[in-house]
Structures are given as structure tokens and as C-alpha cells.
Protein chains: 2
Amino acid sequence: MPPTVKPLLQRQTVTAMVAEYIAAKIVGGEYPGGHQIRQEAIAAELGVSRIPVREALLQLEAEGLVVIRTHRGAVVSDLSADDAIDLFDARLLLEPFLVKKAIARMSNQDIVNVERALQDYEAAIARGDPKELSRLNWAFHTALLEPSMRPRSMAVLQTLYSSADRYLRLQIEPLKAQTKALQEHRDIFEAYRLRDAVETSRLLKKHVADAAEEIVSQLKRGEAAG
Amino acid sequence: MPPTVKPLLQRQTVTAMVAEYIAAKIVGGEYPGGHQIRQEAIAAELGVSRIPVREALLQLEAEGLVVIRTHRGAVVSDLSADDAIDLFDARLLLEPFLVKKAIARMSNQDIVNVERALQDYEAAIARGDPKELSRLNWAFHTALLEPSMRPRSMAVLQTLYSSADRYLRLQIEPLKAQTKALQEHRDIFEAYRLRDAVETSRLLKKHVADAAEEIVSQLKRGEAAG
DNA sequence: CAATGAAATATTGGATACGATCGTACAAGA
DNA sequence: TCTTGTACGATCGTATCCAATATTTCATTG
């Protein structure tokens, strides 16, 4: 069980900061797929040594954001339409399964947590910051699954999500998609609140599948265009 | 596509060697769950600096073998019965799904590869080296799923497997379990060879579920005993 | 002129050295 | 006796420096 209060002044390690910095560049599209990441360039940019940069890259490799080859450095991993299908199929298996387990175990406090996540997501749509929106979207999904008490599966989902994170904006940015996603989130929460495991699972599956289809079709269009 | 010929004198990086060294200690039971891994101790033991040790630990953390907390070092992650259920449930979702995809795409060469993996596994039983047996068991599973062309899902399964690897010997060591597993492997291969996706998937699911049940019950017994 | 091979350069991998952080033992006060 | 503060040692995190490897450039040769 993690501590209930998070430290006010959380001392982040430099490695973690560098990892966030690089991840933000990748997710933000500044480092496109195939881009070579030069350790020294990053180090100079941030005024740190190369070692935390290397360790950050190792973590990002575990998250699937970059690929490291010996003595050849790190390259931003490219996500093909096939990769997206791969990632989302795995999510489509795990999330509906986990949400059923979650509903079987959840307390009233868990419902409150999900509701709060939903409200945060709603509020973010008004502001319209895409990076924030992506984070809160995932926070909602995480809150749904958290009560399942499946830390290993959750960790797997986390990596699947961050691998695909870059491309979520394909689906998450258009205003129409946002209102659709919000309505789906509300529907999911409603079924969740009523502890209807089958319905929640079904809605969640469809929600993820729709997003996947949208992203894959956009990627295919992009690949066809070259 | 990886190179068809592997380099005769494969230059391994020190980090990779250290990672293998530590992983072997963990899987072999020399470092039990909860064991504190001192970077300096490992470094001195192997005559290397602490940096490759740190980076090896980062990789092992990604594989789920250790947990790293800032300024507190790495601890061998303990696998409870609940963790085992978590890991195996995820495998039970992914493997049957992937094997169907594999059968839909596989070539005759893929069937040959699986058959070879099966024969290697059979041969290893005769010799009886448990570490080798575990490796070849997984090689068989991997060969089954490889034609699915789902590298992301395969990577996920790889981490799930290595997290649970330590405890497979609970199930894999008894001679009776070995012959049972071998027969199941043969049955799976037979259905696979005939391209019967539904039957292969069913058999594979049962095969994994049986192993999971065996391990979980043994872990529970251990936990009850304290 | 194309192809091959060797030297130069750039980039990553690893070792040593230093500073920061955490856990613990122990002393002082309530 | 229990709590609180402090000093110490152990361990980790980071910077600087050196070694090994990959890539590029350029000369040489058929």
C-alpha cells in the first residue's frame, strides 16, 4: 500500500526529470519516430551529465518510447498502424477483464475517486490543454481499474498506454471526439456506480475499441500518404 | 528482421552481463524475495564499477524482478499468491488470443520451428537441468506465438514470464508435472499443426491455467505455513 | 569511375571520484 | 520511560574523465 499522503516537496531525481523531459518531447511530437536521441545534446540542453540521460533512456526503453541498440544509441520508436493494433488489442483484453475484477472488490471510496477523476477530466476539456487532457483521460481509466488490486496487470497497461500516448492526440484532439469520449466516460461511470460489471465491461471495451479504430485509420491514412 | 547469422564472438555489454548475473541469482533462489541488492557488493563481486550494476538493476526493474526506491536501493520483488494470480490471469488472456492470430498467419516454416522447439524441450527433460527446462519451455511458447507478428504483446508476455520465472520451478520440477506438461505440449502442437485455431487456443489456455493453479496453490500453502 | 580498405571523427559504454540522502544509534529533555 | 533532536555511517545519485565501438571520409586500386 502506497503512503496516503504524498510528500509536499517531492524530491525528484535528475534521472526522473530527464525522463519526463524527453518523454514530453516525444509525446509532443518534437522528436518524431526514428529521431536519433544524442545523449550529449540532451545533457548540454539541461545542464546535466550524460549519466542521468542514459538512465532516463533505459526507463523510456522499458516504456516502449525508444529503442536502444548497443553503441548505436537511442532512437524514438516508430509506431506503425500494425503496432497500434497490437497495443490496443492487448488493452482490449486487459481492461474489460480488470474492470470486472475491480467492481467485484470496490468500496464506496473507490467510486468517489472515479467520480473525481471524471470531474477533473470534464474540467480539463473546458480548458483544452491536450497534454493535460491525455493525462486525465488515463487517470480516469486508472481509477476505474485500481480497485482490482492487480498491480502487475496495471503496470502492463501503463506501458501499453505510454507507448501509444503520442498517438492518442490523433483521436483526442478533435472537439467532436472529446464530447463523444466524455459521454462515454459518463456512461461507463454510471454503470460502474451501479456495480453492473457486465455492462461496464462492455461499455469500456467499446470505448477503447472506438478510439483504437479512429487512431488506426488515421495512421493508415498517414502511411498511405507516405 | 534480425540478422540471419549471429556474430560468432558476440560482444556483450557489461550491463547485460551483470543483468544476467543478477537475474540468475534471483531465479535460482539465491536472492530470495525481499533481499536487498547492494550495488557496491555486486560491483566488487564482479570486478566492475557500480554504473553497469545500476543500469542492470533498471532493466530488471522493468522486467519486474526487483523494485527500486530512490536512495533506498533495489529489493528483490516478492511474489505473493495474489501476484501470481495477477500475472497468470494476464497470460491467460494474451496467449490464447495471440495463438489464434499466429495460426491465421503462420507458414510451414513456423510449424517446423515449433516442432524443433518441442523436440528441444523433450530432450531437455531427459537431461533434467531445471534452468534449461524453464528456458526451453518458454521457447516453445514463444515459437507458438511468434507468427502472430505482435511484437508489443510478445514483449509484455516476456516481462510477465520473467516475473514469474522464479516460481515456475514449483510446477516444473516434479517429474510427474514434467511428463504432464510434455504431453500437453504435444497435444498443443498437434492442433497447431492442423491449423485448428480454436482447439489450439483452448488447449493452450488449459495448459497455462493448470500450471497457474499448481503454482498458486503451492504459494498459498507456503504463505499459510509462514 | 566504382569498389574496397584504412584512418579520422563522433558517439556511446564504463571507471573513478565526490556530494547528497537516508537509516540508525545514541544522547538529552519532558 | 517515552519522545525528540543530532551525529554518524552506509548507500545511493551525479559529474568528470577514459576506453571501446560505430560511422564517416578519403585515399588507393582494379
Side-chain angles (χ1 to χ4, degrees), chain A residues 1-23 25-26 31-32 34-63 65-77, chain B residues 1-23 25-26 31-32 34-62 65-78:
Chain A
M1 187 85 74
T4 51
V5 290
K6 61 174 102 176
L8 269 67
L9 218 47
Q10 52 185 357
R11 270 189 270 280
Q12 250 195 145
T13 178
V14 173
T15 296
M17 283 167 44
V18 174
E20 277 182 25
Y21 176 83
I22 299 175
K25 294 262 188 189
I26 294 175
Y31 297 160
H35 175 84
Q36 267 270 5
I37 297 181
R38 303 285 174 207
Q39 298 179 359
E40 195 149 7
I42 306 275
E45 216 167 313
L46 297 179
V48 299
S49 132
R50 268 179 36 233
I51 294 207
V53 177
R54 273 167 52 185
E55 300 192 344
L57 289 174
L58 277 173
Q59 291 181 190
L60 295 180
E61 185 185 35
E63 289 178 23
L65 288 177
V66 304
V67 175
I68 297 178
R69 285 188 305 168
T70 305
H71 282 117
R72 248 173 272 188
V75 176
V76 177
S77 62
Chain B
M1 186 84 75
T4 50
V5 290
K6 59 175 105 178
L8 269 67
L9 219 47
Q10 52 184 358
R11 269 190 277 278
Q12 244 192 149
T13 178
V14 174
T15 296
M17 283 166 45
V18 174
E20 277 182 25
Y21 176 84
I22 299 175
K25 294 264 190 187
I26 294 175
Y31 297 160
H35 178 85
Q36 267 270 4
I37 298 181
R38 306 281 175 207
Q39 296 180 1
E40 197 149 5
I42 306 278
E45 215 168 312
L46 298 178
V48 299
S49 127
R50 267 179 37 234
I51 294 206
V53 177
R54 290 169 57 83
E55 300 191 344
L57 288 173
L58 277 173
Q59 293 181 187
L60 295 180
E61 185 184 37
L65 287 177
V66 305
V67 175
I68 298 178
R69 284 188 305 168
T70 306
H71 286 292
R72 249 173 273 187
V75 175
V76 177
S77 62
D78 207 353

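As the structure is a prediction and not an experimental result, all values here were calculated from the model. So you know, we letter chains A, B, ... as the sequences are listed, proteins then strands, and number each from 1.
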Donor-acceptor contacts under 3.5 Å from residues 54-61 of chain B side chains, at least two apart:
{"residue": "R54(B)", "atom": "NE", "partner": "E55(A)", "partner atom": "OE2", "Å": "3.0"}
{"residue": "R54(B)", "atom": "NH2", "partner": "E55(A)", "partner atom": "OE1", "Å": "2.9"}
{"residue": "E55(B)", "atom": "OE1", "partner": "R54(A)", "partner atom": "NH2", "Å": "3.4"}
{"residue": "E55(B)", "atom": "OE2", "partner": "R54(A)", "partner atom": "NE", "Å": "3.3"}
{"residue": "E55(B)", "atom": "OE2", "partner": "R54(A)", "partner atom": "NH2", "Å": "3.1"}
{"residue": "E61(B)", "atom": "OE2", "partner": "I68(B)", "partner atom": "N", "Å": "3.2"}

**OP:** Drop me the distance from T13(A)'s OG1 to H71(B)'s NE2, to the nearest 0.5 angstrom.
**Re:**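 Reported value, rounded in 0.5 Å steps: 6.5 Å.
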Original post:
Which sits closer to the 5' end of DNA chain D, E40(B) or V48(A), going by the nucleotide each is nearest to?
Top reply: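 With E40(B) and V48(A) compared, the 5'-side residue is E40(B).
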To the nearest Å, how far apart are [X] [atom1] and [N] [atom2]?
| X | N | atom1 | atom2 | answer |
| --- | --- | --- | --- | --- |
| I51(B) | dT16(D) | CD1 | P | 13 Å |
| Q39(A) | dA22(D) | CD | C1' | 14 Å |
| R69(B) | dA10(D) | CZ | P | 21 Å |
| R72(A) | dT9(C) | CZ | P | 22 Å |
| L46(A) | dA15(D) | CG | C1' | 15 Å |
| E55(A) | dC12(D) | CD | P | 13 Å |
| H71(B) | dC22(C) | NE2 | C1' | 8 Å |
| Q12(B) | dT21(D) | CD | C1' | 16 Å |

Original post:
Looking only at N and O atoms, is any donor in the side chain of R50(B) or the base of dG14(C) less than 3.5 Å from an acceptor on the other one?
Top reply: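 Such a pair does not exist between side chain and base.
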**OP:** Please state whether the base of dG14(C) and the side chain of R54(B) form at least one donor-acceptor pair under 3.5 Å?
**Re:**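 Side chain to base: no pair present.
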For the residue pair [X] and [Y], establish whether any side-chain heavy-atom pair is separated by less than 4.5 Å.
| X | Y | result |
| --- | --- | --- |
| V66(A) | I26(A) | yes |
| H35(B) | K25(B) | no |
| I37(B) | V53(B) | no |

Original post:
Nearest to the side chain of R38(A), which nucleotide is it out of dT11(C), dG14(C), dG13(D)?
Top reply: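 Closest nucleotide to the R38(A) side chain: dT11(C).
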Subject >> Per S49(A) side chain, nearest of listed nucleotides dT16(D), dG13(C), dT14(D) >> reply: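 Given the options dT16(D), dG13(C), dT14(D), the side chain of S49(A) is closest to dT16(D).
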**OP:** Using only side-chain N and O atoms of T70(B), determine if any of them is under 4.0 Å from OP1 or OP2 of dC12(D).
**Re:**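 For dC12(D), neither OP1 nor OP2 has a side-chain N or O of T70(B) closer than 4.0 Å.
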**OP:** Report yes if at least one side-chain N or O of T15(B) is closer than 4.0 Å to OP1 or OP2 of dG13(C); otherwise report no.
**Re:**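 For T15(B), the contact criterion (side-chain N or O under 4.0 Å from OP1 or OP2 of dG13(C)) is not met.
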Original post:
What nucleic acid atoms does L57(B) come within less than 4.0 Å of, heavy atoms only: base, sugar-phosphate, or nothing?
Top reply: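 No contact.
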**OP:** Would you mind classifying the nucleic acid contact of I68(B) as base, sugar-phosphate or nothing, using non-hydrogen atoms under 4.0 angstrom?
**Re:**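 Counting heavy atoms under 4.0 Å across all strands, no contact is made by I68(B).
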